[in-house]
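What follows is one structure encoded as structure tokens, with my remarks underneath.
For the numbers below, each heavy atom of this structure counts, side chains included, while hydrogens, waters and symmetry mates do not.
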Amino acid sequence: MTEEQLSIIDDMAAHFMTPKEIAIVLGVNYDEFQLILSDPSSEEYCHYHKSKITSILEIRRKVVKMAKSGSPQAEMLVAGFMNEQKIKEEF
């Protein structure tokens, strides 16, 4: 893919758009794009997942900061993050 297409993947993945939606905007075949995204060694896979994970991290940073400031709703979300992490680390 071109640098412009990779940039579109970055932007759309960072905003939690689906692979199908990204394929439509890129004007590529969805099945082929899905296959590319399932290959961890592909550049597209790395762009898609890194952008999505980076956005999740930004959101979690804000939630943790709010929890540390005393927000009960944020504290509940952080407790959920902690439980999720614990479960994933046990496997």
Side-chain angles (χ1 to χ4, degrees):
M1 296 215 157
T2 67
E3 287 300 318
E4 181 181 352
Q5 288 172 313
L6 292 173
S7 179
I8 290 169
I9 292 170
D10 287 337
D11 182 54
M12 292 185 74
H15 291 91
F16 308 107
M17 303 303 290
T18 67
K20 188 171 191 173
E21 293 165 330
I22 296 170
I24 291 168
V25 170
L26 291 175
V28 299
N29 179 279
Y30 169 68
D31 293 328
E32 292 174 12
F33 186 63
Q34 188 68 19
L35 187 61
I36 292 169
L37 287 184
S38 67
D39 178 6
S41 67
S42 76
E43 200 172 7
E44 294 83 357
Y45 174 97
C46 294
H47 278 263
Y48 178 80
H49 289 282
K50 182 178 179 182
S51 295
K52 188 170 70 167
I53 291 166
T54 300
S55 283
I56 292 168
L57 176 60
E58 289 173 11
I59 292 165
R60 286 188 177 200
R61 279 190 176 132
K62 290 177 184 179
V63 172
V64 168
K65 184 176 180 179
M66 290 169 52
K68 288 180 178 182
S69 296
S71 166
Q73 296 87 353
E75 289 172 0
M76 289 175 53
L77 286 172
V78 170
F81 298 157
M82 292 166 54
N83 286 332
E84 179 184 333
Q85 181 183 26
K86 184 178 178 180
I87 290 168
K88 287 181 179 178
E89 287 177 347
E90 289 176 357
F91 291 100

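The two residues A67 and A74 make their nearest non-hydrogen contact at N-CB, 3.5 Å. Heavy-atom minimum distance, Q34 versus P19: OE1-CB, 3.5 Å. Residues M12 and I22 share a closest heavy-atom pair of CB-CG1, 3.6 Å.
Linking Ile, Leu, Val, Met, Phe, Trp and Tyr whenever their side-chain heavy atoms come within less than 4.5 Å puts M82 and V63 in one cluster. Placement of L6 and L35 in two distinct hydrophobic clusters is found when ILVMFWY residues are connected by side-chain heavy-atom separations under 4.5 Å, directly or transitively.
Residues M17 and V25 are not in side-chain contact: their nearest non-hydrogen atoms beyond the backbone lie 4.5 Å or more apart.
The distance from atom OG1 of T18 to atom OH of Y30, rounded to the nearest 0.5 Å, is 7.0 Å. Annotation: the span from K52 atom NZ to Y48 atom OH amounts to 4.0 Å, rounded to 0.5 Å. Note: L77 CG to I59 CD1 = 11.0 Å, rounded to the nearest 0.5 Å. To the nearest 0.5 angstrom, L26 atom CG is 8.0 Å from T2 atom OG1. Taking OG of S51 as the reference point, atom CD1 of I8 lies at 12.5 Å (rounded to 0.5 Å). Rounded to the nearest 0.5 Å, atoms CD (E75) and NZ (K68) are 12.0 Å apart.
With sequence neighbours left out, Y45 forms a ring-ring contact (aromatic ring centres under 6.0 Å, His included) with H49. Among residues two or more places apart in sequence or in another chain, the salt bridge (charged side-chain N to carboxylate O under 4.0 Å, His left out) test is passed with E4 by none.
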### Message
Assess the residue pair E58 and K62 against the criterion (salt bridge (Lys or Arg N to Asp or Glu O under 4.0 Å)); give the C-alpha distance rounded to whole Å, side-chain angles, the decisive distance to 0.1 Å, and a yes or no.
### Response
CA-CA 7 Å; E58 289 173 11; K62 290 177 184 179; 5.9 Å; no
### Query
Going through the distances and angles, do F81 and I56 end up as a side chain to side chain contact (heavy atoms under 4.5 Å, CB included)?
CA-CA 11 Å; F81 298 157; I56 292 168; over 6 Å; no
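Put simply, the side chain of S7 never gets that close to the backbone of E3: no donor and acceptor are under 3.5 Å apart. Not a single donor-acceptor pair under 3.5 Å links the side chain of S71 to the backbone N or O of M66.
Note on residues 20-45: no pairs pass salt bridge (charged side-chain N to carboxylate O under 4.0 Å, His left out), not counting sequence neighbours.
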